[in-house]
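Worksheet for the structure shown next.
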Amino acid sequence: MDIEYILKLIANNGFPLVLSVYLVIKLEYFINELVKNQKEFSRNVTSEIKEINHSINDLRIFIASNGRKS
């Protein structure tokens with residue numbers, strides 16, 4: 001968008017309307033980025049939980065096998 005086009009929009013539609021549309025477009029981008037980051041965070045947390053669970057299971061097996069040898 002060039003400045004001349006924006007000025008024509010403001011002249012024809014009024015500044016509050018043009019500003020509102022612009023802010024809605026920016027807000028939509030921000031919300032999309034927020035959702036994308038939340039999904040990535042959720043995947044990372046799930047992955048970490050799986051690793052911790054695997055480590056706990058390995059530790060349980062190790063403890064159980066050492067307990068039988070005694």
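Residue numbers count from 1 along this sequence.
Under the side chain to side chain contact (heavy atoms under 4.5 Å, CB included) criterion, Ile31 pairs with Leu27, Val35, sequence neighbours left out.
From Asn37, atom CG reaches atom CG of Asn32 across 11.0 Å, with rounding to the nearest 0.5 Å. With rounding to the nearest 0.5 Å, the separation of CZ in Phe15 from CG in Leu7 is 11.0 Å.
Of the possible polar contacts, none joining the Asn53 side chain to the Ile49 backbone as a donor-acceptor pair under 3.5 Å is found. Ser55 places a side-chain N or O within 3.5 Å of a backbone atom of Glu51 that can act as its donor or acceptor partner.
Residues Phe30 and Ile25 do not share a hydrophobic cluster, clusters being chains of Ile/Leu/Val/Met/Phe/Trp/Tyr side chains in contact below 4.5 Å.
Applying the 6.0 Å contact sphere to CD of Glu4 captures no more than 12 heavy atoms from other residues, nucleotides or ligands.
Within the structure, the salt bridge (Lys or Arg N to Asp or Glu O under 4.0 Å) test picks out no pair touching residues 39-49 (sequence neighbours left out).
Clustering of Ile, Leu, Val, Met, Phe, Trp and Tyr by side-chain heavy atoms under 4.5 Å joins Ile52 with Ile56.
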